[in-house]
**Student:** 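Sharing a structure, written as structure tokens. Questions coming.
Everything numeric in this text was worked out from a predicted model, so none of it was measured. All values below come from the heavy atoms of this structure, side chains included, with hydrogens, waters and symmetry mates left out. Order of listing sets the numbers, starting from 1, for every ligand and every atom in it. One is the number of the first residue; the rest follow in order along the sequence.
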Amino acid sequence: MEIFIDTANIDEIRQVNDWGILDGVTTNPSLVAKEKDKGKDFKTIVKEICEIVQGDVSAEVVAVKYEDILHEARILAKVHKNVVVKIPLLPDGLKAVKTLAKEGIRVNVTLCFSANQALLAAKAGAYIISPFVGRLDDIGQDGVELVEEIRQIYDNYDFKTKILFASVRHADHVKQAALIGADVATCPFKVIEQLYKHPLTDAGLKQFLDDWAKLGQQIK
Ligand code: G3P
């Protein structure tokens, strides 16, 4: 399973990329708006991210009408070959997905909350579908079950659309994503940190190093 970071923060992206486990990045308008340097042009941010990470970088349109979505999508797709244009799951959005797919522009269909929406996105030719698991959990629904349903539907009909487990809230979501066969999980920085952590790893390492120190040897 690929691991993406869900952020527009350049420092976070650089740090996780240095750890050697990063496969891509997802951004959204809220994540971009959260960043300190609000004056920085969005295309500049996307280009900077693409120059750091070797992998897909999702950049979202803010238009909601078919022609406007196409216009913004074509601009974003030109920024770098690794850009995947993110488009919300609307009738005009899916119509745009179909047109853009014919032009070879890859689209991540976002704000997916039902299996039927995911079916339509795949039929339209989406490269990625993004079910928002955490936001469903937040309202008492089962986000993981949604991803399971989408996996089954896509496998039933051999749809190649990648399933991106989005709105990850904690490390257990990442494990669940991998167990049910999601293609990608996109995680906030703090969740990627959590993936490394186990108290027994820390305690075990301390014990090893303390015992070794008693020997007074070096490995050389
Ligand atoms: O980027 C899409 C998604 O991962 C957003 O997650 O945390 O805003 O629900 P969140």
Side-chain angles (χ1 to χ4, degrees), residues 1-13 16-17 21-35 38 42-43 45-46 48-50 52-53 55-64 69 72-73 76-77 79 82-90 93-94 97 106-115 117-118 121-122 126-148 150-151 161-178 180 182-195:
M1 184 177 72
E2 291 182 294
I3 294 180
F4 287 9
I5 187 167
D6 196 26
T7 186
N9 183 292
I10 298 292
D11 295 336
E12 290 181 351
I13 293 168
V16 176
N17 191 58
I21 48 87
L22 191 63
D23 299 301
V25 179
T26 49
T27 65
N28 64 43
S30 301
L31 291 170
V32 174
K34 214 171 81 177
E35 288 313 306
K38 298 199 190 326
F42 180 45
K43 284 191 294 174
I45 299 172
V46 173
E48 215 173 321
I49 298 172
C50 290
I52 298 168
V53 182
D56 292 341
V57 174
S58 288
E60 188 157 343
V61 301
V62 286
V64 291
I69 293 172
E72 291 184 3
L76 291 172
V79 171
N82 289 349
V83 167
V84 176
V85 178
K86 221 167 161 186
I87 295 180
L89 211 149
L90 307 165
L94 293 191
V97 172
R106 300 174 307 156
V107 177
N108 173 351
V109 174
T110 189
L111 290 167
C112 171
F113 294 96
S114 80
Q117 290 179 322
Y127 170 64
I128 290 174
I129 184 72
S130 288
F132 277 29
V133 175
R135 291 194 194 184
L136 280 171
D137 292 355
D138 290 346
I139 60 160
Q141 295 188 16
D142 191 339
V144 172
E145 188 179 87
L146 169 61
V147 178
E148 282 175 320
I150 299 171
R151 179 75 284 157
T161 305
K162 288 185 181 195
I163 303 172
L164 184 150
F165 190 119
S167 188
V168 164
R169 294 277 186 266
H170 45 71
D172 203 57
H173 267 158
V174 179
K175 182 183 80 178
Q176 289 169 314
I180 61 182
D183 299 291
V184 188
T186 192
C187 315
F189 178 81
K190 69 170 171 35
V191 173
I192 298 180
E193 276 188 317
Q194 286 170 11
L195 299 181

**Student:** Tell me, with the steps shown, if His173 and Val147 meet side chain to side chain contact (heavy atoms under 4.5 Å, CB included).
**Tutor:** CA-CA 11 Å; His173 267 158; Val147 178; over 6 Å; no

**Student:** Using atom types as modelled and distance alone, determine if a side-chain donor or acceptor of Thr161 lies under 3.5 Å from a backbone N or O of Ile129.
**Tutor:**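 Checked: no pair found.
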
**Student:** Just to confirm my output: which protein heavy-atom neighbour is closest to atom 7 (O) of ligand 1, and how far is it?
**Tutor:** Arg169 NH1, 2.9 Å

**Student:** Can you check whether Ile3's main-chain N or O pairs, donor with acceptor, with Asp23's side chain at less than 3.5 Å?
**Tutor:** yes

**Student:** Answer yes or no for Lys86: is there a heavy-atom contact with ligand 1 below 4.0 Å?
**Tutor:**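 Contact check Lys86 vs ligand 1: positive.
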
**Student:** Measure across Leu31 and Thr26 and return the closest heavy-atom pair with its distance rounded to 0.1 Å.
**Tutor:**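 Closest approach of Leu31 to Thr26, heavy atoms only: CD1-O, 4.1 Å.
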
**Student:** What residue and atom, counting heavy atoms only, is the protein's closest point to atom 3 (C) of ligand 1, and at what distance?
**Tutor:** Asp6 OD2, 3.4 Å

**Student:** Taking 4.0 angstrom as the limit and counting only heavy atoms of Arg135, give me the atoms of ligand 1 inside it, by number and element.
**Tutor:**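 By the 4.0 Å cutoff, the relevant atoms are 5 (C), 8 (O), 9 (O), 10 (P).
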
**Student:** Got the closest protein heavy atom to atom 2 (C) of ligand 1, with its distance?
**Tutor:**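 Sorting protein heavy atoms by distance from atom 2 (C) of ligand 1 puts Phe132 CZ, 3.3 Å first.
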
**Student:** Just need the protein heavy atom nearest to atom 6 (O) of ligand 1, so name the residue and atom and give the distance.
**Tutor:** Ser167 CA, 3.3 Å

**Student:** May I ask you to decide if Gly143's main-chain N or O and Asp137's side chain share a donor-acceptor pair within less than 3.5 Å?
**Tutor:**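 Side chain of Asp137 to backbone of Gly143: a pair is present.
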
**Student:** Can you list everything that forms a ring-ring contact (aromatic ring centres under 6.0 Å, His included) with Phe113? Sequence neighbours excluded, please.
**Tutor:** Phe132

**Student:** Polar-atom distance check: Asn28 versus ligand 1, any N or O pair below 3.5 Å?
**Tutor:** yes

